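Each remark here refers to the structure printed beneath this line.
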Amino acid sequence: MFTVFAALLAGVATGRLGGVRAARHAGRLLSLGLVVLLFLMGVRLGASDAVVSNLGQIGAYAFVLALGSVVGSVACAYAIRGFLPSFDSPGDVDSGDGDSRTLTALVLGALVAGAVVGATVLPAGSLLLVERATTLALAGLLFAVGVGLGADGALLAQVKRLGVPILALPASIAVGSVAGALAVGVALGMSGTAAAAVGAGFGWYSLSAVLITDAAGVHLGSLAFLANVFREALALASLPFVVRHFGRAAAIAPGGATTMDVTLPAVKDSAGNGAVVPAFVNGAVLSSLVPVLVPAFLGF
């Protein structure tokens, strides 16, 4: 976490020094970096025995839970949009629908291709290298995001302008995520507390899976792992659609806790520079809630 946060700050400093020209180059690399990151994520998924062995058994449940969490989060964030400060930034430039659709297709294709590579041809013992490459790719993406923010010149002003009211956004996303997972989980025959605990993972699949496995067993832990992995993938794939139809605030919702790291570059690319600070705050707040809410639901 320190590495990617340092990369973001370094990018801000570079953007301040390099101005518009630096931001232009960073923007060109952002989309390519997203594709690379998703490919590496796919490799890790395909190489994971836990994912592959459980995919046929609980994959459908996990996908539906992830979809419920995303839909619930978007709905709640959209509902409070009128109470939030504007996310507009002077440096924002709207991208065309065609570019968004192309990026979505590339992201999904990269994820699938990576999963195939990870499951079939990944050399034994190389997964650690893939994990390190993922960290480096993420750091590079956040550096590019920081360059755009630094070149914009309005970062500190935006932080002051957003103020305390911006905390309503992660609160609404948390409610929507849990409520969405609860609704579809009960419909699937799950217990309400188990479904709510999965929804309270907010996309942080590693921590939530460990907490749930320790409290409720490996089956529910595997389900939570897959559901939150799927949520991250759904967030990256759905962002252009959500921005176009529900606005910039709602676009932060699908990524949940991951909007402070993995999905932050995609939020910036789809929703503009003005959404970066709210997305980072949202991810930080939701990440702090995961180790509190997950055990709380399972303890009921």
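If you read the sequence from its start, that first residue is 1, and numbering goes on from there. Remember, it's a predicted structure, so these values are computed and weren't measured experimentally.
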What distance separates [X] [atom1] from [Y] [atom2], expressed to the nearest 0.5 Å?
X	Y	atom1	atom2	result
Thr263	Leu234	OG1	CG	12.0 Å
Ser287	Trp204	OG	CH2	5.0 Å
Asp269	Leu239	CG	CG	9.0 Å
Thr14	Phe143	OG1	CZ	3.5 Å
Phe225	Ser208	CZ	OG	9.0 Å
Phe241	Ser270	CZ	OG	13.0 Å

With a 4.5 Å limit on heavy-atom distance, are the side chains of [X] and [Y] in contact?
X	Y	value
Leu220	Leu298	yes
Leu84	Pro165	no
Leu65	Met190	yes
Phe230	Leu67	no
Leu264	Phe280	yes
Val64	Tyr61	no
Leu293	Phe202	yes

What closest approach, in Å, do [X] and [Y] show between heavy atoms, and which atom pair accounts for it?
X	Y	result
Phe39	Ala113	CE1-C, 3.9 Å
Gly201	Val290	O-CG2, 3.5 Å
Pro291	Ser288	CD-O, 3.6 Å
Ser69	Gly199	OG-CA, 3.8 Å
Ala275	Ile252	O-CD1, 3.8 Å
Ala227	Ala66	O-CB, 3.2 Å

Could you tell me if Arg81 sits above the aromatic ring of Tyr78, with its cationic atom closer than 6.0 Å to the ring centre and no more than 45 degrees from the axis?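 Yes, Arg81 lies over the aromatic ring of Tyr78.
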Scan side-chain atoms only and decide if Arg231 and Ser177 contain a donor-acceptor pair under the 3.5 Å cut-off.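 A pair is found: one side chain offers a donor N or O, the other an acceptor, under 3.5 Å apart.
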With sequence neighbours excluded, what pairs up with Ser172 under the side-chain hydrogen bond (donor to acceptor under 3.5 Å, both in side chains) test?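 Result, side-chain hydrogen bond (donor to acceptor under 3.5 Å, both in side chains) vs Ser172: none returned.
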Following the transitive rule for hydrophobic clusters with a side-chain heavy-atom cut-off under 4.5 Å over Ile, Leu, Val, Met, Phe, Trp and Tyr, establish whether [X] and [Y] coincide in one cluster.
X	Y	value
Leu129	Leu136	no
Val285	Val292	no
Leu167	Val175	no
Val74	Leu182	no
Val267	Val243	no

Any donor-acceptor N/O pair, Thr259 side chain to Gly283 backbone, under 3.5 Å: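 Indeed, once roles are kept as given, a pair shorter than 3.5 Å links the two residues.
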Donor-acceptor contact below 3.5 Å, side chain Arg248 vs main chain Ala271: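 At least one qualifying donor-acceptor pair exists.
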